[in-house]
2 protein chains.
Amino acid sequence: MPADADSKARTPLTRERVLEAAIRLADEGGIESLTMRKLARELGVEAMSLYNHVANKGDLVDAIVDLVVGEIELPSTGVDWVADIKRCAVSAHEALLRHPWACGLVLSPGTIRALPAPRLRYMEWLLKRLRETGFSPELTYHAYHALDSHILGFTLWQLGHSISAIDVDGSKDLAELVDKFLRQLPAADYPYLAEHAQQHVTAPSGDGARQFEFGLDLILDGLKRARETA
Amino acid sequence: MPADADSKARTPLTRERVLEAAIRLADEGGIESLTMRKLARELGVEAMSLYNHVANKGDLVDAIVDLVVGEIELPSTGVDWVADIKRCAVSAHEALLRHPWACGLVLSPGTIRALPAPRLRYMEWLLKRLRETGFSPELTYHAYHALDSHILGFTLWQLGHSISAIDVDGSKDLAELVDKFLRQLPAADYPYLAEHAQQHVTAPSGDGARQFEFGLDLILDGLKRARETA
DNA sequence: CGTCTAGCCTTACGCCGTAAACTTACACTG
DNA sequence: CAGTGTAAGTTTACGGCGTAAGGCTAGACG
């Protein structure tokens, strides 16, 4: 038995394997459950071995966040700037929903360092798309802030709401959770909140994406009008 | 010497004193520097004593977040709904900037529990102001999401950018930091990003608030138009 | 064959949150 | 007054965290 029948034959650790396993762990249990010891165990290795492929935990976290940011689609420039930006924004929204732990880390990075390349590429793409469409530098300045903050901010906002709904106990049916919330809410004191929660119960699936695009359209419409009146 | 000349005479711990000290610690060193042991030391007490006034660390954190949310001004209903909502939003923005650790915790609460009273009051106020202005339930549903996510999301977005600028090394002059960033940026690859960073250098102080209101106005204008065309 | 080196492991340190058991101080009751 | 109950603070201890320091081993290369 010359081959890998023995437990001795371990597939060697690589930075890729480490990062991939880290993303898997974070996807499954949230970023706070990503631990050097647990990650090592997952890879059949001791914790300190990870440090041969990763400077420290901050470096590890930064790296996996970069991988997620790298998933964002940056469409090649088309004729319709609104459509291009919307496609990018929706793609970012989806990527961040796939990895719910990443959004908070992009918004408030723990370790401070030079902005990583994937984030730079994304920023440059958005700025370029605006400027080449004819936006003035001044309008682009504000438009970028409004767009980027909506993409990241709304997504984290949505995640905060749905995660808390899912986590509050085992049941992952959001409608049922909101229903329970409604029943314990003193509806007399909060009639409009009760109405709002009720709307969430009856909302169709995929409602989060629709809300995201509602706010996005508000911003894009406003920008379009601002550009035309300028 | 019957009075408090002796070190024995300690002002007794109360929940208020604990929460107040916790906010002070978090304001100074960020939420991750808020530790039961450090907080106790700050109060001249042992860590375990805190548990007489606070269920656990999650309870403590929830409580101080609630205090911050409670600082948000909810104007009594005036004639101009845009002005009322703007006042509330700006007040929330300011409160969250005063306590930079709070925004992330409101957006993605660590401990899950029933929504706390201050948050309920805030939500109800905003929903009520929209509905009583004449917004349909459907439009209110989306308007609330757009507004709340902008208030929290943009603020966290802004904090993430300014904090990373401040923390990267000792100098707290943001312009100087951006300048350093600019010099190390391969400007040939990122011309628009360089332009954008340059704008930040020359931006007047208080620019964050202006950006916040730019996005807010975009949303409010869109909502106003949506209500009129409906 | 000897030596170098990269990759992994072992041990250890100082943090963290907090359970459990204790001491103390005081208020109330007989 | 003594006796007792209770609330507040302390001590000790446990398991988990990130990671510094150093040891071990297997293959590469002269």
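First the proteins, then the strands, lettered A, B, ... as listed; each starts at 1.
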Taking only nitrogen or oxygen atoms into account, show me every contact under 3.5 Å that the protein makes with nucleotides 20-24 of chain D, one pair per line with its distance.
none

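- The distance between atom CG of A:L60 and atom C1' of D:dG18, rounded to the nearest whole Å, is 12 Å.
- The structure places CG of B:L130 at 13.0 Å from NE2 of B:H142, a figure rounded to the nearest 0.5 Å.
- Formation of a donor-acceptor pair under 3.5 Å by the B:K38 side chain with backbone atoms of B:S33 is found in this model.
- Side-chain proximity of B:N56 to C:dT10, D:dG9, C:dT18: nearest is C:dT18.
- The CD-C1' distance, from B:E32 to C:dG17, rounds to 17 Å in whole Å.
- One can place CG of A:L50 at 19 Å from P of C:dA6, the figure rounded to the nearest angstrom.
- If you take CE of B:M36 and P of D:dC14, they are 21 Å apart, rounded to a whole angstrom.
- The side-chain hydrogen bond (donor to acceptor under 3.5 Å, both in side chains) test applied to A:E42 returns A:R24, not counting sequence neighbours.
- The shortest distance between the side-chain N/O atoms of B:H53 and the OP1/OP2 oxygens of D:dA7 is not below 4.0 Å.
- Ranked by how close their nearest DNA chain D nucleotide is to the 5' end, A:K38 and B:A47 are led by B:A47.
- Contact annotation: A:S49 side-chain N/O to C:dG7 OP1/OP2 distance is not under 4.0 Å.
- Closest to the side chain of B:E46, from the set D:dT11, C:dG7, D:dT19, is D:dT11.
- Residues passing the side chain to side chain contact (heavy atoms under 4.5 Å, CB included) test with A:R129 are A:T77, A:W81, A:D84, A:I85, A:W125, A:T133, sequence neighbours excluded.
- Proximity note for A:R37 (side chain, C-beta onward) versus D:dC17, D:dG9, C:dC16: the nearest is D:dC17.
- Taking the six-membered ring where the residue is Trp, the centroids of B:H145 and A:W157 are separated by under 6.0 Å.
- Atom CZ of B:R41 and atom P of D:dT11 are 14 Å apart (whole Å).
- Relative orientation of the A:F212 and A:H93 rings is parallel, given thresholds of 30° and 60° on the angle between their planes.
- Relative orientation of the B:H196 and A:Y144 rings is perpendicular, given thresholds of 30° and 60° on the angle between their planes.
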